[in-house]
Q: 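Sharing a structure with you now.
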Amino acid sequence: MEMVPSEENQLVPKEGMFWSCRQSIFDEMKKRFSQIENAAEEPRVLCIVQDTTNAKTVNERLTLNLPASTTLSKLFEDVAHKASYVNGTFDLAWGKTGDMGSLDPSSEMSLTESGFEPGKRNFLQLTDKDGEQPQIASDESGTAGSSGLDDSSQERFIGPLPRDGTVGCSSDYSSPSYSYSSILNKSDTGYVGLVNQAMTCYLNSLLQTLFMTPEFRNALYNWEFEESEEDPVTSIPYQLQRLFLLLQTSKKRAIETTDVTRSFGWDSSEAWQQHDVQELCRVMFDALEQKWKQTEQQQFSPLTADLINQLYQGKLKDYVRCLECGYESWRIDTYLDIPLVIRPFGASQAYSSVEEALQAFVQPETLDGANQYFCERCKKKCDARKGLRFLHFPYLLTLQLKRFDFDYTTMHRIKLNDRMSFPEELDMGPFIDVEDEKSPQTESCTDSGAENEGSCHSDQMSNDFSADDGVDEGICLDSASSTERVLKPKVPSLNTSSLTFELFSVMVHSGSAAGGHYYACIKSFSDGQWYSFNDQHVSKITQEDIRKTYGGSSGSRGYYSSAFASSTNAYMLIYRLKDPSRNAKYLDCDDFPEHIKHLVQREKESEEQEKRQREIERNTCKIKLFCMHPVKTMALMENKLEVHKDKTLREATEMAYKLMELDGVVPLDCCRLVKYDEFHEYLERSYEGEDDTPMGLLLGGVKSSYMFDLLLETRRPEQIFQPYKPGEVMVKVHVVDLKTDTIAPPVSIRAYLNQSITEFKQLIAQATELSAETMRVVLERCYNDLRLLYVPNKTLKAEGFFRSNKVFVESSESPDHQVTFTDSLLWKLLDRHGNTIRLFVSLPVQSPGTNRTICPKVGGDTEECSEGSKGNRNSVEAILEESTEKLKNLSLQQQQGSSTSDSQKSSDTSDFEHIESPSPSQEPDSSVSAVVAVDNRELENRIRAASGGSGGGTYSDPETQFPGEERSDSEVNNDRSTSSVDSDILSSSHSSDTLCNADSGPIQLANGLDSHSITSSRRSKANEGKKETWDTAEEDSGTDSEYDENGKSKAESYYLYFRAEPYAQEDGSGEGGQKCVLVHVDKRITLSAFKQNLEPFVGVTSTQFKVFRVYANNQEFESVRLNETLSSFSDDNKVTIRLGRALKKGEYRVKVYQLLVNDAEPCKFLVDTVFAKGMTVKQSKEELMPQLKDQCKLDLNIDKFRLRKKTWKNPGTVFLDYHVYEEDINISSNWEVFLEVLDGPEKMKSMSQLAVLTRRWTPAQMKLEPFQEVVLESSSVEELKEKLSEISGIPLENLEFAKGRGTFPCDISVLEIHQDLDWNPKVSTLNVWPLYICDDGAVVFYRDSTEEPMEQSEDERNELMKKESSRLLKTGHRVSYSPRKEKALKIYLDGGPVKDPGQD
């Protein structure tokens, strides 16, 4: 812009230039407004991006609302700008599922073309590119990682990172002192992390420490693997070598350790076991040593075979010196690490530093008094001094801080979090025995190596591994030598002036003794910088961060100070000797041995191959593929089509053709791919003229999942493919023929939602060749929802059509057109079709004994009667066949009865038989129902006559017993109990079912009561608050309205479809005389009516057989609720019929258990029985007595036992003899009661009394007395104490009591009862908090408050602890002081654990 001077000698714009500039600004603003207007009209795409590359950002979301025309490349730019990343250093993938497909960052396709949906939320995930974290974009101060700030001014990170879903992380991990902002990128630290498989943080910490040890890493590189000698998968040194190479050369942020753990012989379950890092170090060192000894590659590196001993092994002397003569007995032991006690046993103060703990380690103890030492020289017991002296320190000194201890007060493992400082440089000169180091070896010296493990302060010392105890130590030496360890020649003695060690690794544990997290703080010998290696995260830290791992708290809290301290503290320290002649440097890539260079090249090629494979995966569309194979099966076959996004539709069709194995069955040109919706069985569209279109474009891009599928459609050569257009709906048309009562298979047609009913009928007429004028169309919108489409101009959309629809059509001149649809034959046929199921019914075998019973003797003997039965068998079968045919005809007659009327529903028809109220004018069909009822009775009489002439009387009496009938499972196995689990199985099964073996044989009711003499009115007051009854006789047998005055079932008043035909089982299970029938039945029929329809096929009345439903696992449950329909059954369910008396109305199945309060097993099953509504407790006891005598050999007097409520294992309310079931006592399905044998006469006389089970605790003897029952007249605490004082002799003022906890018998350890129970609660009544004793059966412990617990020695206490543990484990009581069983850490040298062949 040209400038001119003003009057004030200031430069101002020229006048013409000013107006020109203003005009250009207006034009630019106008252009921008125009763009905004256009963008406002364009659809928008909402993108929600989750950044998964960083633990801090994983819960954050980036939201972008972009125009639909935005390209993918522009999307990447916008995401990079909003996330502050460099574009091109990250990937975007579809979210919502684990199988993510990446987007192409260079694509110019619009968002809508790429599969984004306008107006909806589109979820994306921002991920690493090629395993590397995104680069942070530069700002004014440079990159985020290279700002002008020095290390001291940046926020630093130390400590474990909180990872979502990681097991074992404690709350300490999210401490405010930790910061995520300082986590450096891999390019800044130069180090690679290790992925935590699940709970392998302890392994990662040790591996990173070994990797950062130059001497160990270099020695491992110098070892060469011989593939001819060993499998690389099981070679531990080789897999460690590969891992170290990847840690040094990989570009990834973190790498997996699965190959290393696989070489250990571990499976995936080991990843979920957390172990001690010191234990792992010892076990892994032993495994490495064994492997190297097997390879015997001494020519490559003399150091390698004995590497562990050369680097980590030290020596110490375990001595005892007589204080009288000075004689010293000693031996030499080796060690790999020095365990340092944090807090001495019994002390309240912890050691403050490592130096103090080392001093205590070598501090001798005096053996005097009872612990005097027998001196060989003095030949007597003398005072002596016992201790340890260091003779030799290893090059790499490992110190283990023993933070895990056992608290003998709480009997739990604990972690000591006390503060213990450690120096960066440690001078070990003061701790070495110079005289012993310099003195020559004498004959008195025993160089035992590790064989004498445990001889030198076994509570503190972790000795070297022993070949003899390899398995116990965690090493499986199946293929290793078990020869005795021989020490190598001694390394020259170290000068005491050079015993300065520098700290380079601190392995930190965060958490408790029950579990936690490990990470490592390691100093690099290259630059002297400290780093935190926390699984996949590597970051810089400082000396201040190292000091934070000392542990402890700011103030002292005495003995319990560690309980309030930070749980994040140092656990293992590794020092290296400062010796310039031995201190090594890390090998550079250029200095690698040749075999390592070849290995690096192979790893690079493998990584490139993985990268290419990932690229292919990112561009591969994976979608469900379906096909109706014309030969193999008529069912829809499913597979998964994986096709590259650039493959054309023609190529994809050929791939699908081969995938579905259609080669040679159908020509390729007779196949095509169409868009398909499996859920709605809907063909969405076909792809005409798009054979050369890429699949990525047709499918809307590469996605992790698609909202549609593909169908490979086939045709015959003479057929032509029908085009499927978007917007069409699919309709399956079933043609109904009223003359034959049949419904044809579906014919598929396609229509539009805006078509009218008239147009739709024309479309159906073309496909089915029916007349559109007389056509009736019925739409089935959902189950039992039939809708007649009769409005000509109404559209399909208005009628409720959707993507996939099902219609029934009928076209005839029948007068059925004139009838109301719900009264028409068409509706009845469709209604029957929708509710009819197919059942496979297995009939019982008619044994000769049964035939003799059915044919009673009339002046003749049993044998003649049996012969008569056999002679008439053919006539019975003929009658059965005739009955089946007649049922078919009756069914057809009912459907084709009157076209204008239906039978009027009788006023007394039960509600459960009501299907839909028919028209009052429908009279004629009642005759059909009557014919059915009469015919059934006539058929029944004919069968009786054919079976034995005058046997009809047998069927007239529902109480008739069959001595020869088939016995139920509970009758055959009457001494075995259906466990309490059966009740749970029952409650989870269908409501109409009960366990098949929960039934007993026929039982007569007391005092002549039967199902009709028991009161039939429903309980009013007694029924309030009662849960739903699953198996009661009242519910099972139906409501009162089911029976008329003569006791006949009203199920016959309205006929529901039932058709049966003989059936031969394919599996041969029907052989041996058992017959099967295939039954087609309306599932709205009640069980009562279903059984009556089965009577002709079973050969007995419905009261004399039981129906069992068979489930997938062949477990049978009895169906007993007679008023319930078969709606829970489905097609092809199996049903088994068994002979035996079924439950009648008012009857319940009951399991009886014996209560033995003072036995180890207080609950013992006795019998299954049946109780009836209206029966008194005394009557039920009378019914039980003969059963108990016959089945359980219990001969009891009725006054010598009681019944009481059973709630799981707990005894409850005592039932008095005059109580009536369902009036005084609520009874339910599969009910359970206790039978308790009394020692004397019954003390319980009324419901106002309270029966309490009491047990005395005697602390002086550490003993619990047997149970005694106390009956109280009220809920008074004073009365309870008086009764207890009376039976025990304890003075009232000294008596204390407490309520038992848990389920009966409320077992508790005698070591815990004295202090754990709430003794002597300050209440006046028993029915208030904290007692809540409101019912019989509560357990109360009591004691004498003046009695002190017995004093015990440590051995006596341990012995008692073992006995109590054994006793309580047998009773199922959880022993609180029993330690958690941990899985031993093992490394298998032969590739894996040997499994027991007999193990399941």
Side-chain angles (χ1 to χ4, degrees), residues 31-51 61-83 85-97 99-127 129 134 615-623 643-652 673 675 677 684-710 725-727:
K31 181 179 179 182
R32 289 288 178 89
F33 284 136
S34 177
Q35 291 176 350
I36 292 173
E37 274 188 356
N38 294 335
E41 296 174 359
E42 185 179 355
R44 312 287 291 184
V45 173
L46 180 63
C47 302
I48 300 175
V49 184
Q50 179 188 16
D51 187 354
R61 302 290 187 273
L62 306 176
T63 304
L64 297 92
N65 195 4
L66 305 173
S69 60
T70 305
T71 62
L72 281 180
S73 59
K74 184 65 170 65
L75 171 65
F76 273 82
E77 292 177 9
D78 292 345
V79 172
H81 176 73
K82 194 155 189 175
Y85 288 147
V86 176
N87 193 13
T89 64
F90 61 86
D91 281 332
L92 289 178
W94 290 102
K96 284 295 185 187
T97 59
D99 185 16
M100 297 181 297
S102 298
L103 301 176
D104 186 2
S106 60
S107 174
E108 294 302 320
M109 293 172 60
S110 67
L111 296 182
T112 51
E113 293 173 342
S114 302
F116 288 78
E117 299 184 34
K120 295 184 179 180
R121 294 185 297 176
N122 299 271
F123 292 92
L124 301 173
Q125 290 191 0
L126 192 151
T127 61
K129 188 175 181 66
E615 189 64 29
I616 294 174
E617 288 289 327
R618 287 195 184 106
N619 293 297
T620 300
C621 303
K622 299 177 182 179
I623 189 169
V643 57
H644 195 276
K645 66 177 184 179
D646 295 333
K647 293 281 187 181
T648 63
L649 177 63
R650 182 181 287 105
E651 294 171 316
L673 286 174
K675 193 175 181 180
D677 182 353
E684 294 193 19
R685 61 159 298 186
S686 54
Y687 300 105
E688 281 80 14
E690 300 187 73
D691 288 342
D692 297 323
T693 306
M695 289 299 292
L697 192 60
L698 286 179
L699 300 179
V702 180
K703 298 182 181 180
S704 56
S705 63
Y706 293 89
M707 300 298 293
F708 56 89
D709 313 300
L710 291 178
K725 299 177 182 178

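Numbering starts at 1 and runs along the sequence shown.
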Q: Side chains of Leu103 and Leu124: does their closest heavy-atom pair fall under 4.5 Å?
A: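 Yes, side chains in contact.
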Q: Is there side-chain contact between Phe123 and Ile48, with heavy atoms separated by less than 4.5 Å?
A: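 Counting from C-beta outward, Phe123 and Ile48 do come under 4.5 Å.
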Q: Between Glu688 and Lys725, does any NZ, NE, NH1 or NH2 come within less than 4.0 Å of an OD or OE carboxylate oxygen?
A: no
Q: Answer yes or no: does atom NZ of Lys82 have more than 12 heavy-atom neighbours from other residues, nucleotides or ligands under 6.0 Å?
A: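 Above 12, so yes.
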Q: For a quick test of reading the model, state the closest non-hydrogen atom pair linking Leu126 to Ala83 and the distance between them.
A: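 Smallest interatomic distance, heavy atoms only, reads CD1-CB, 4.5 Å.
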Q: Return the minimal non-hydrogen interatomic distance between Gly701 and Cys621, and the atom names on each side.
A: O-SG, 4.2 Å
Q: Taking all non-hydrogen atoms of both residues into account, name the closest pair between Val702 and Thr620 and its distance.
A: CG1-O, 3.4 Å
Q: Please walk me through it: do Lys129 and Thr89 pass side chain to side chain contact (heavy atoms under 4.5 Å, CB included)?
A: CA-CA 6 Å; Lys129 188 175 181 66; Thr89 64; 5.6 Å; no
Q: Hey, what do you get for OG1 (Thr70) to CG (Asn65), rounding to the nearest 0.5 Å?
A: 9.5 Å
Q: Ignoring hydrogens, what is the shortest heavy-atom contact between Ala68 and Val45? Give both atom names and the distance.
A: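 Distance-wise, the nearest heavy atoms are CA-CG2, 3.8 Å.
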Q: How long is the span from the CZ atom in Arg61 to the SG atom in Cys47, to the nearest 0.5 Å?
A: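 Reported value, rounded in 0.5 Å steps: 14.0 Å.
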Q: Would you name the heavy atoms of Pro67 and Arg44 that are closest together and state the gap between them?
A: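 Closest pair (atom of Pro67, atom of Arg44, distance): CG-NH1, 3.2 Å.
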Q: Report the relative orientation of the aromatic rings in Phe116 and Trp94; use parallel for angles under 30°, tilted for 30 to 60°, perpendicular for over 60°.
A: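 Aromatic pair Phe116/Trp94 classed tilted.
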Q: Any chance you could measure Arg618, atom CZ, to Asp91, atom CG, to the nearest 0.5 Å?
A: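 Interatomic distance, Arg618 CZ to Asp91 CG, rounded to 0.5 Å: 4.5 Å.
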Q: Do Lys645 and Pro694 have side chains that approach each other closer than 4.5 Å (heavy atoms only, starting at C-beta)?
A: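 They are not in contact (no side-chain heavy atoms under 4.5 Å apart), so the answer is no.
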Q: Could you tell me if the side chain of Leu72 sits less than 4.5 Å from the side chain of Leu111, heavy atoms only?
A: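 Yes, at least one pair of side-chain atoms sits under 4.5 Å.
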Q: Applying side-chain hydrogen bond (donor to acceptor under 3.5 Å, both in side chains), name anything that partners Glu651, two or more places apart in sequence or on another chain.
A: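 Expected list: Thr648.
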Q: Are the side chains of Met109 and Asp104 in touch, meaning some heavy atoms are under 4.5 Å apart?
A: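 Of all side-chain heavy-atom pairs linking Asp104 with Met109, none is under 4.5 Å.
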Q: I'd like to know if the side chain of Lys703 reaches the main chain of Gly115, judged simply by a donor and an acceptor atom lying under 3.5 Å from each other, with no hydrogens or angles considered.
A: yes
Q: Can you list the steps and then say if Leu699 with Tyr706 is a side chain to side chain contact (heavy atoms under 4.5 Å, CB included)?
A: CA-CA 8 Å; Leu699 300 179; Tyr706 293 89; 3.8 Å; yes
Q: Heavy atoms, side chains only, cut-off 4.5 Å: are Asn619 and Asp646 in contact?
A: no
Q: Looking at CE of Met707 and CG of Asp677, how far apart are the two atoms once the value is rounded to the nearest 0.5 Å?
A: 8.5 Å
Q: Can you check whether Lys120's main-chain N or O pairs, donor with acceptor, with Asn122's side chain at less than 3.5 Å?
A: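 Yes; at least one donor-acceptor contact below 3.5 Å.
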Q: What's the shortest heavy-atom distance between Glu690 and Arg685, and which atoms?
A: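 The pair with the smallest heavy-atom distance is OE2-NH2, 2.7 Å.
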Q: So do the side chains of Thr693 and Tyr687 get within less than 4.5 Å of each other, counting heavy atoms only?
A: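 Answer no - side chains too far apart.
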Q: Nearest 0.5 Å, please: how far is OG in Ser110 from NZ in Lys74?
A: 14.5 Å
Q: Calculate, to the nearest 0.5 Å, the distance between atoms CE and CD1 belonging to Met695 and Ile623 respectively.
A: 7.0 Å
